[in-house]
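Just so we're clear, the structure is a prediction, and the values are computed from it rather than from any experiment.
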Amino acid sequence: MGLNAKLDGTWTNPPRRRLAGLARITNPDGKVLVLLSSRGMTWLLPGGTAIEGESAVQAVRYQIRRKLRLHVEVGPAIAIDHVSANPVNGATEGLNIVFDCGQLTAEQIASIKLPDVPKGTEPEILEYTFMDHQELLEKVPQWRRAMAAEAATIAKVGIPYLEDGKPVSNRAA
């Protein structure tokens, strides 16, 4: 098409997509921090959806500060997961980017404080814990489980790219 290509609707009015920044944060024993969400009672990596104009890095910093009262240094992306739209529940297609946010000290772990909840409302996060690789495989939902496992075993070459939580590779299996 070259430089003279006309912009069609995909350039000027792209489909709605969600972007999320998630964190792989470990304790001194190498276990990964996960949060129990009151939405669906599922274990999730810390982080969340970016608002309009916010990057995935900004989203992960903000969400961790809001949900855990922690400041983290956001390191390199270690997994990217393309999540398909779900017409059943109305969820839009999106990208979840997992960043390596390092290891917390014992003092930082002791300082974690879940947000106060206004009277009569349900908390977004019920609790937090640290899980080893096996616990992640058993307790984190499938679409996040593979992402968490990939993030926990950082690839030797490149960044793991996932679709709906499953690694995608052109290499023969």
Side-chain angles (χ1 to χ4, degrees), residues 17-83 93-117 123-169 171:
R17 292 189 170 103
R18 181 185 43 74
L19 174 66
L22 304 171
R24 176 184 181 267
I25 302 170
T26 59
N27 68 7
D29 297 326
K31 292 183 177 183
V32 177
L33 176 65
V34 290
L35 311 176
L36 181 60
S37 171
S38 61
R39 297 182 210 150
M41 297 300 291
T42 56
W43 291 101
L44 310 169
L45 291 172
T49 302
I51 60 172
E52 187 174 345
E54 186 177 50
S55 72
V57 168
Q58 291 167 324
V60 79
R61 277 190 194 123
Y62 170 76
Q63 293 293 339
I64 291 171
R65 199 170 48 248
R66 185 178 74 78
K67 293 174 184 171
L68 301 172
R69 310 275 164 85
L70 282 176
H71 170 77
V72 295
E73 293 296 325
V74 179
I78 56 176
I80 300 170
D81 185 16
H82 173 268
V83 180
E93 167 188 38
L95 283 178
N96 291 330
I97 303 173
V98 181
F99 296 95
D100 182 357
C101 293
Q103 179 178 305
L104 298 178
T105 65
E107 294 78 24
Q108 287 172 306
I109 294 168
S111 76
I112 293 174
K113 183 176 184 308
L114 298 178
D116 295 326
V117 180
E124 181 182 357
I125 303 301
L126 300 174
E127 64 179 284
Y128 68 91
T129 192
F130 290 86
M131 292 185 185
D132 63 25
H133 184 75
Q134 188 60 42
E135 290 172 301
L136 288 169
L137 291 174
E138 293 169 2
K139 296 180 181 176
V140 178
Q142 178 59 42
W143 69 277
R144 291 197 189 247
R145 181 175 70 203
M147 186 170 47
E150 285 295 314
T153 58
I154 305 171
K156 300 282 186 227
V157 179
I159 298 171
Y161 178 78
L162 313 165
E163 290 183 358
D164 298 319
K166 296 180 181 100
V168 175
S169 174
R171 295 183 192 149

- Item | Rounded distance (nearest 0.5 Å) linking atom NZ of Lys31 with atom CD of Gln134 | 12.0 Å
- Note on the structure: Of all heavy-atom pairs linking Ile78 and Arg24, the shortest is CD1-CD, 3.5 Å
- Mind running side-chain hydrogen bond (donor to acceptor under 3.5 Å, both in side chains) on Gln58 and Arg61 for me, showing each step along the way? CA-CA 5 Å; Gln58 291 167 324; Arg61 277 190 194 123; over 6 Å; no
- Taking atom CZ of Phe130 as the centre, does the number of heavy atoms from other residues, nucleotides or ligands within less than 6.0 Å exceed 12? yes
- Task: Please name the pair of heavy atoms, one in Val117 and one in Pro123, separated by the smallest distance, quoted to 0.1 Å.
- Result: CG2-CB, 3.4 Å
- Heavy atoms, side chains only, cut-off 4.5 Å: are Val83 and Asn96 in contact? yes
- Can you find a side-chain donor-acceptor pair between His82 and Glu93 that sits under 3.5 Å? yes
- Looking only at heavy atoms, the pair that brings Ala59 and Gly21 closest together is CB-N, 4.4 Å
- Query: Can you find a heavy atom in the side chain of Ile125 that is under 4.5 Å from one in the side chain of Pro46?
  - Reply: no
- Message: Show the nearest heavy-atom pair for residues Ile109 and Tyr128, with the distance to one decimal.
- Response: O-OH, 3.7 Å
- Flag the pair Asn27 / Leu33 as yes when at least one side-chain heavy-atom distance between them is below 4.5 Å, and no otherwise. no
- Query: Of the options Leu68, Thr42, Ile64, which is the one that meets Leu35 in a side chain to side chain contact (heavy atoms under 4.5 Å, CB included)?
  - Reply: Leu68
- Task: For residues Leu70 and Leu104, determine if any side-chain heavy atom of one lies less than 4.5 Å from a side-chain heavy atom of the other.
- Result: yes
- Query: With a 4.5 Å limit on heavy-atom distance, are the side chains of Leu19 and Ile97 in contact?
  - Reply: yes
- Message: Are the side chains of Val32 and Met131 in contact, using a 4.5 Å heavy-atom criterion?
- Response: no
- Query: If you measure from CG on Asp100 to OG1 on Thr26, what distance do you get to the nearest 0.5 Å?
  - Reply: 7.5 Å
- Message: side chain to side chain contact (heavy atoms under 4.5 Å, CB included), that's the test. Do Gln108 and Val72 meet it? Break it down for me.
- Response: CA-CA 10 Å; Gln108 287 172 306; Val72 295; over 6 Å; no
- Task: Find out whether Trp43 and Glu127 are in side-chain contact, i.e. whether some heavy atom of one side chain is under 4.5 Å from a heavy atom of the other.
- Result: yes
- Verify, without hydrogens or angle tests, whether Ser38 (side chain) and Glu124 (backbone) share a donor-acceptor contact under 3.5 angstrom. yes
- Would you find a donor on one side and an acceptor on the other, under 3.5 Å apart, between the side chain of Glu135 and the backbone of Asp132? yes
- Taking all heavy atoms of Leu45 and all of Leu22, pick out the closest pair and write down the distance. O-CD2, 4.0 Å
- Item | Heavy-atom closest pair, residues Arg66 and Pro115 | O-CG, 3.2 Å
